[in-house]
Amino acid sequence: MSSESSKKRKPKVIRTDGVPSEGKRGKGDADQDVRYYSEESEVDLRDPIKDYELYRETCQELQRLMAEIQELKSRGIKENVRRGLQVWWNVSSCVHFMTLKKLNRLAHIRLKKGRDQTHEAKQKVDAYHLQLQNLLYEVMHLQKEITKCLEFKSKHEEIELVSLEEFYKEAPPEISRPAITLTEPHQQTLARLDWELEQRKRLAEKYKECLTSKEKILKEIEVKKEYLSSLQPRLNSIMQASLPVQEYLFMPFDQAHKQYETARHLPPPLYVLFVQASAYGQACDKKLVVAIEGSVEEAKALYKPPEDSQDDESDSDAEEEQTTKRRRPTLGVQLDDKRKEMLKRHPLSVTLDLKCKDENVLHLTFHYLMNLNVMTVKAKVTTAVEMTTAISAGDLLSPDSLLNCLYPGDHGRKTPNPANQFQFDKVGILTLSDYVTELGHPYVWVQKLGGLHFPKDQPQAWHKPLPSPPGRRAEHTVAADNSLSASHMELTVKLLRSRLQSRLALHKQFASLGEAARAGSCQVPHPSLGTGVLGVLGEQPGEALFWEQVGSFPSCGNSPSPSQGGFWEPAWITHLWVPPFPCSAKLQAAVVLNPGYSTLPPVFSLCLNWKGERNSSNDDNIRAMESEVNVYYKELWGPKPGYQLLTNQLQRLCMVLDVYLETEPHDPSVEGPKEFPQEKMCLRLVRGPLRLKPFKFNYPQGFFSHR
């Protein structure tokens, strides 16, 4: 069969049970029951698995027939036999192909039914899902409504109502209605709201009354303001007229007011110093004068924001800038500029003038290094009487060394702020000591007076610390602290005044000793010291040295270091020769003066040139002489504060030298009288296996004995 005939073929209608076809039915058969063949209904009756087995068997039969045809063709069978077999094969193949077509139609029908059933099921699922979404939306809507109802807040809840006890106590019965409100919360709330309304009405009336009284008071204030504004010029004129009276009575109110106005522009550390020093001067020390120096305009300019450059600059200005533009500075110039900026001081400074009883003044000028966050101080001494400069006095009153070691270990040569070292590394500064002459000394006590406190370099200082004053804060902070400044102010002022007085007294002693040296001799009449001729002071200036350098002097090469006590600092070294008159015995002494004189006594190291060189290492009596002035110095202190200690020690040294020389045995081989005849009264010349001599002077008996 061809494909065109199969396309034009109509679906077959098969009669069942001898029933004629629809087109050939007669009129007499209209009432007869007629059933039509339908493959769609047959699909429901057939088993798909059996159809699949039939499909396999049909395909196998077709394969077998094709194989037989191929085999017969290959054998070359006769034409008549071949034609008969071909007819039979064609019929069998057509049957099998029809079976396959039927199975194909059934498969398509099953596929269509499956799709229809799936589509119906999807429609049902979609309908159910839509119903579910509608229900969920209704549930969500109901939940929102429920939440709104639950979260609904009435305005009366924002009102702070009085308590129930106060309500029933103060509200009248017609509003409180206890019989009803105690059992019904809603009625109780309404009653409380009514009572709140009544109270607010009363308060509104009071508010109106207060407003009217406020307006009256404001009018009175305006009148008084006008009166005060007219009073200000009168007061200014009175203040100007009272300036001579203020100066005569030493009550500079106007000057103090100007100082306080200037103090507003001080940095925090200098402001703390100014406030605390002024307060201490007013309360405890009338001879302490505090002032502010510097340019106020420059200080104000530091806090002004930089002005923005104008956008509408003229072309002429631009050309002028281009012509004046210089080459880029070199690296060295840039570092110098950075160093100057790093070491920049605040334009304002605070000065303290400490006056003593003898009208000597110590001038202190405190500066603040803004980028380093440390304070420095410069010192200057003004004496009431012009003092003669002794060559041996050295730098006793030098500003660079006057305040050294005011507290133990505080040399003022390096910055106390640990953060500054990292800043110095960036600009190539090795140490701050190279700039202290220009900037001032950053002593630790200066930082504390300004309320600055920094951590120490070491956990435990080598020097013995002073007892902490009360009120000192333990935490390390760089913020200006008033309590820290106040706790150190009194002790520091006392130490500064004591340092000035001790240096002036020491300078006078050096000057008088120098005059005595030029005159030939000098006697110090002190009954507890005995009498003796004072030696000549060396004509070489005192020099600040460490004790390790003292060993270079021949008179103290073997002397023990006094730094074992933990108090010694850089000191002044000077030489002494005794006696001044010509003789064979000469005593050379190296004197170590501590900056804390006279709290810390001078130390003597002796060397006697007489019949050989004698010192503490080869002569026990020389060691005993050193002990007499170094160990028993408290006997030589004299009246407090003991500023004449050095002179008394020198006088005692001359005295024990006389005892040493007079108690020496006379050499019989030498003719003539004894070079040093005995004039001192001694109970016993020598004692013990060391043959020590009597160097202790007993006052007021006037004789010498052993210790």
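Sequential numbering from 1 along the given sequence is applied to the chain's residues.
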task: Say whether, by atom type as modelled, one donor and one acceptor occur between the side chain of R499 and the main chain of L402 under 3.5 angstrom.
output: yes

Rounded at 0.5 Å granularity, tell me how far [atom1] in [X] sits from [atom2] in [Y].
| X | Y | atom1 | atom2 | answer |
| --- | --- | --- | --- | --- |
| T351 | K380 | OG1 | NZ | 12.0 Å |
| N420 | L372 | CG | CG | 4.5 Å |
| K414 | S433 | NZ | OG | 10.5 Å |
| K448 | W445 | NZ | CH2 | 12.0 Å |
| N371 | Q423 | CG | CD | 7.0 Å |

Check whether any side-chain heavy atom of [X] lies under 4.5 Å from a side-chain heavy atom of [Y], and answer yes or no.
| X | Y | result |
| --- | --- | --- |
| M655 | R652 | yes |
| E341 | D337 | no |
| L364 | F366 | yes |
| N648 | L646 | no |
| L302 | P347 | yes |

Is it the case that [X] and [Y] place a side-chain donor and acceptor less than 3.5 Å from each other?
| X | Y | answer |
| --- | --- | --- |
| D400 | S398 | no |
| T382 | H363 | yes |
| Y407 | T492 | yes |
| N482 | Q276 | yes |

Of all heavy-atom pairs between [X] and [Y], which one has the smallest distance, and what is that distance?
| X | Y | answer |
| --- | --- | --- |
| H367 | L439 | CD2-O, 4.1 Å |
| L270 | L348 | CD1-O, 3.4 Å |
| V350 | L266 | CG2-CD1, 4.1 Å |
| K696 | E628 | CA-OE2, 3.9 Å |
| L335 | V427 | CD2-O, 3.9 Å |
| L430 | Q421 | O-NE2, 4.0 Å |

query: side-chain contact (heavy atoms from CB on, under 4.5 Å) between Y443 and L406: does it pass, once the steps are laid out?
result: CA-CA 9 Å; Y443 296 109; L406 188 67; over 6 Å; no

message: Does E490 form a salt bridge (charged side-chain N to carboxylate O under 4.0 Å, His left out) with K494? I'd like the steps, not just the answer.
response: CA-CA 6 Å; E490 182 177 4; K494 290 181 179 179; 3.3 Å; yes

field: R339/D336 salt bridge by N-O under 4.0 Å criterion
entry: yes

message: One thing to verify: whether D285 and R497 come together as a salt bridge, which I'm taking to mean a side-chain N less than 4.0 angstrom from a carboxylate O.
response: yes

task: Check the surroundings of atom NZ in K344: do more than 12 heavy atoms from other residues, nucleotides or ligands lie under 6.0 Å from it?
output: no

query: Around atom OH of Y597, are there more than 12 heavy atoms of other residues, nucleotides or ligands at under 6.0 Å?
result: yes

task: Fit a plane to each ring of W637 and Y633, take the angle between them on a 0 to 90° scale, and name the class: parallel (under 30°), tilted (30 to 60°) or perpendicular (over 60°).
output: perpendicular

